[in-house]
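Numbers here simply count residues along the sequence, with the first being 1.
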Amino acid sequence: MTTADTPLAELLTSRIRDVQDYPKPGVLFKDIAPLLADAEAFAALTRALADRAAALGATKVVGLEARGFVLAAPAAFAAGIGFVPIRKQGKLPGEVFRRSYELEYGSATLEVQCDAFAPGERVLVVDDVLATGGTIGASLDLVKEAGAELAGVVVLMELGFLDGRGRLTPHLGGAPLETLVTV
């Protein structure tokens, strides 16, 4: 399911810049820096994410390193709930749950602190892009391992041609996956 808010999608899309051949030749990078720099667009995005957190009954918002932090933290604040970062390996102190996963060009490991959630807390996972689904899938597994319940996932933009949505189905456990912009 995607969010059917055409004016919001148009506003957000108009502030996302295409960068050819970045980070390597043949890649069309979707740069959200202009969206973040635009007060109207960033506020609209933050409100939309906070509204989804409230509607889904989330008690925490999780942001994925690194651009997911920029989206999730203000949304958590606007919704009046806590924020939890999921970070790359070795960036969090204390005991952590860890999940490794495959990328298009190698592998990576994500972590969340073991005490990030009270048992049964409802979590909304927020990230900037859904591409192949590896990062989000590993994050969803970490949320469950840490004892939280997945309320849903909202991403700013989905690269539909990569079928990340299909790969996430086993990780969602019936929770909704929503996108604000599909490219």
Is E111 paired with R98 through a side-chain N to carboxylate O contact shorter than 4.0 Å?
-> yes
If you measure only the distance, is there a donor-acceptor pair under 3.5 Å linking the side chains of T135 and Y101?
-> yes
Lys/Arg N to Asp/Glu carboxylate O, D18 vs K30, below 4.0 Å | yes
Hey, does F97 have a side-chain heavy atom less than 4.5 Å from the side chain of D141?
-> no
With hydrophobic residues grouped by side-chain heavy-atom distances under 4.5 Å, do L92 and F117 end up in a single group?
-> no
Between A53 and A79, the two heavy atoms sitting closest are CB-CB, 4.2 Å
Answer yes if V70 and L11 sit in the same cluster of Ile, Leu, Val, Met, Phe, Trp and Tyr residues linked by side chain heavy atoms under 4.5 Å apart, and no otherwise.
-> no
Are E145 and R99 ion-paired here, with the side-chain N under 4.0 Å from a carboxylate O?
-> yes
How would you list, by chain and number, every residue that makes a salt bridge (Lys or Arg N to Asp or Glu O under 4.0 Å) with D163, sequence neighbours excluded?
-> none
Check whether V84 and L64 end up in the same hydrophobic cluster, where Ile, Leu, Val, Met, Phe, Trp and Tyr are linked by side-chain heavy atoms less than 4.5 Å apart.
-> yes
Determine the minimum heavy-atom distance between V183 and F161, stating which atoms define it.
-> O-CD2, 4.0 Å
Compare every heavy atom of I81 with every heavy atom of A58, then report the nearest pair and how far apart it is.
-> O-CD1, 3.6 Å
Nearest atoms (heavy-atom pairs only) where L150 meets L172 | CD2-O, 3.7 Å
Using modelled atom types only, decide if a donor and an acceptor are shared between the side chain of D38 and the backbone of A41 within a distance under 3.5 Å.
-> yes
Would L12 and L28 show up in the same hydrophobic cluster when neighbours are defined by side-chain heavy atoms closer than 4.5 Å?
-> no
